[in-house]
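Contents: one structure, followed by commentary.
Numbering of ligands and ligand atoms starts at 1, following listing order. Quantities reported herein were computed from a predicted structural model and do not represent experimental measurements. One-based numbering along the sequence shown.
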Amino acid sequence: MPGKTNRNEYGMNEVKPVDTTNHSFPVLPIVLAVILGIVLGHFAPYLAVKIKIIGTIFLNLLFVLVIPLIISSMITGISGLGDIRHVGNIGLKTIVYYLTTTFLSVVTGIILVVLIAPGKGLTGETKTFPDSEYEIFPTPISGGSIVRILDPDTSFNINIDPSKNRVELIDQRLFGIIDPDGAIKTKEIPVIKWLDSSGKKTEPRLSGTGIGTSALVKRLSGTELMNNYIPRNIVRSMVNENIFPLILFSLVFGGVLSTVGEAGIPLLNVFNAMNVTIIKCVMLLMYTAPLGIFGLTAGSIGEAELTLPGGFITELIRLAKYAITVLSGLLIHGGITLFLILAIFGKRNPFRFFKNMIPQILTAFSTASSIATLPVSLSLATKKNNVSERIASFVLPIGATVNMDGTALYEGVAAIFIAQIYGIPLGIFELVIIVLTATIASIGAAAIPQAGLVTLVVVMKSVGLPVEGIGMILSIDWFIDRFRTSVNVWGDVIGSAVIDRFEGNIED
Ligand code: ASP
């Protein structure tokens, strides 16, 4: 039975992999959807923008699965380690290895995305007119003011949302909080208060040159931040899609559940069943992916045609740079960092080890699922690379579900890439939060195609980035997924060799 929990020889729970072999995720329809989307977006941009709704529906359906997916996969994942008090040495080593390599992987990705800056200077919701003159008129009744563009050739986007956007006075380095009750016009925006870069309320000069709008980054106070991370109401966290406390709650809950013995088994079965069902929902939803991806690609190419000076070529170049950033990160982590870890800590010849694992990498590449690859990983690790079965059978199944170096790297890069496009500045604090949440989000991602895309929401939300931005990378996600899954399973099998060595079994 898929998802069934058994005790292994150490008394630990083993979560049996979900059978994904009956489900194929045909790449061809998705490739065709992307091509058709590009063609439609290019030749009929107005129609394409209308068709985007299909993509938005698909995206909403993905998001609706996020919360149940996180709760069930985290609880079954942690309790899969068995009674937390008796997991002992192997469990500890496994956790340390997985966390360390995932962390190294995210850091590699973040260094690359900050250096390459694939999203810098590209168009998101930020619109700036550095040469346009403006005037500010105080409005005594509301206590605020109205900012008006004087330049006849520039205008504000009337779809500006006061909860997501702000006005920028470029020459004065001030930001205006838009009045949610005021009317936004093509030349005028009502502002309730002006803030300087440190967030202090201030009075602006009444005219100047250089105006724009950008995404609003909400800075939380200390108490708000604490309430976000240590909630007093877990249901409210779910309603607010506040993911981080849910992960913490599920981890602690799953850990404690694993210690209550027989009494906890019915509940464990419930979460197992929930997990299996949600994974199946994701799989079913993926059958509609070609349609959704068609809508989103057509929509974003259509929008690019209508708004970008360079048309959709600019859009393609934007995604190409993003893809190159993710793929070089994966190459560095998979081809250098993990090779070195295997040679130094696993005391193995990494080239021979890799050669023996090529069928595993190709299986991961073609299925885009770590769980579907597990049988291949297990048999090659033990039969070809002589990792002891005792270690491999414990380390690899857990690795397939929780250890995803490639996914973590991709999530960090994708979040920062989207922030760059929207022109949202990220400080060192935000980067640290991204490193931590990308690590956690990769643990929470199910080992099935494009699950990383679902948990990317966690990373985006943790630093207040607009989740709608995920739509911008969706068209090529099926492609990136194959590479990140390959690195995910490669990291798992190296983990089994390293832990094997520390358990006293050295191959060569
Ligand atoms: N497809 C990946 C895996 O199974 C997860 C993801 O990043 O989407 O490992």
> With distance as the sole criterion, is a donor-acceptor pair present between the side chains of E411 and S442 under 3.5 Å?
Replying inline: no
>> I need the nearest protein heavy-atom contact for atom 2 (C) of ligand 1: residue, atom name and distance, please.
In response: T485 OG1, 3.3 Å
>> Between ligand 1 and A445, can you find any atom pair, the residue atom being a heavy atom, that is separated by under 4.0 Å?
In response: no
> Which ligand 1 atoms, with their elements, are less than 4.0 angstrom from a heavy-atom of T407?
Replying inline: 5 (C), 6 (C), 7 (O)
> Can you list the ligand 1 atoms lying under 4.0 Å from a non-hydrogen atom of S369?
Replying inline: 4 (O)
> Just wondering, do F249 and I71 contact through their side chains at under 4.5 Å, heavy atoms?
Replying inline: no
> Can Y410 and D477 be said to form a side-chain hydrogen bond (donor to acceptor under 3.5 Å, both in side chains), step by step?
Replying inline: CA-CA 10 Å; Y410 140 83; D477 199 68; 3.0 Å; yes
>> Could you identify the single nearest non-hydrogen protein atom to atom 3 (C) of ligand 1 and state the distance to 0.1 Å?
In response: S370 OG, 3.3 Å
>> Please list the nearest protein heavy atom to atom 5 (C) of ligand 1 with its residue and the distance rounded to 0.1 Å.
In response: I448 O, 3.6 Å
> How long is the span from the OH atom in Y97 to the OG atom in S496, to the nearest 0.5 Å?
Replying inline: 8.5 Å
>> Apply side-chain contact (heavy atoms from CB on, under 4.5 Å) to residues Q360 and D492 and explain how you reach the verdict.
In response: CA-CA 11 Å; Q360 178 217 27; D492 297 341; 5.5 Å; no
> For ligand 1, which atoms have a heavy atom of Q450 less than 4.0 angstrom away?
Replying inline: 1 (N), 8 (O)
>> Side chain or backbone, does A451 bring an N or O within less than 3.5 Å of an N or O on ligand 1?
In response: yes
> Just which atoms of ligand 1 are under 4.0 Å from any heavy atom in D481?
Replying inline: 1 (N), 2 (C), 6 (C), 7 (O), 8 (O)
> Any idea which protein heavy atom is nearest atom 8 (O) of ligand 1, and the distance to it?
Replying inline: G452 N, 2.7 Å
> Between F353 and F339, does the ring centroid distance fall short of 6.0 Å?
Replying inline: no
>> Under the side chain to side chain contact (heavy atoms under 4.5 Å, CB included) test against L340, which residue among L338, I336, L342 passes?
In response: I336
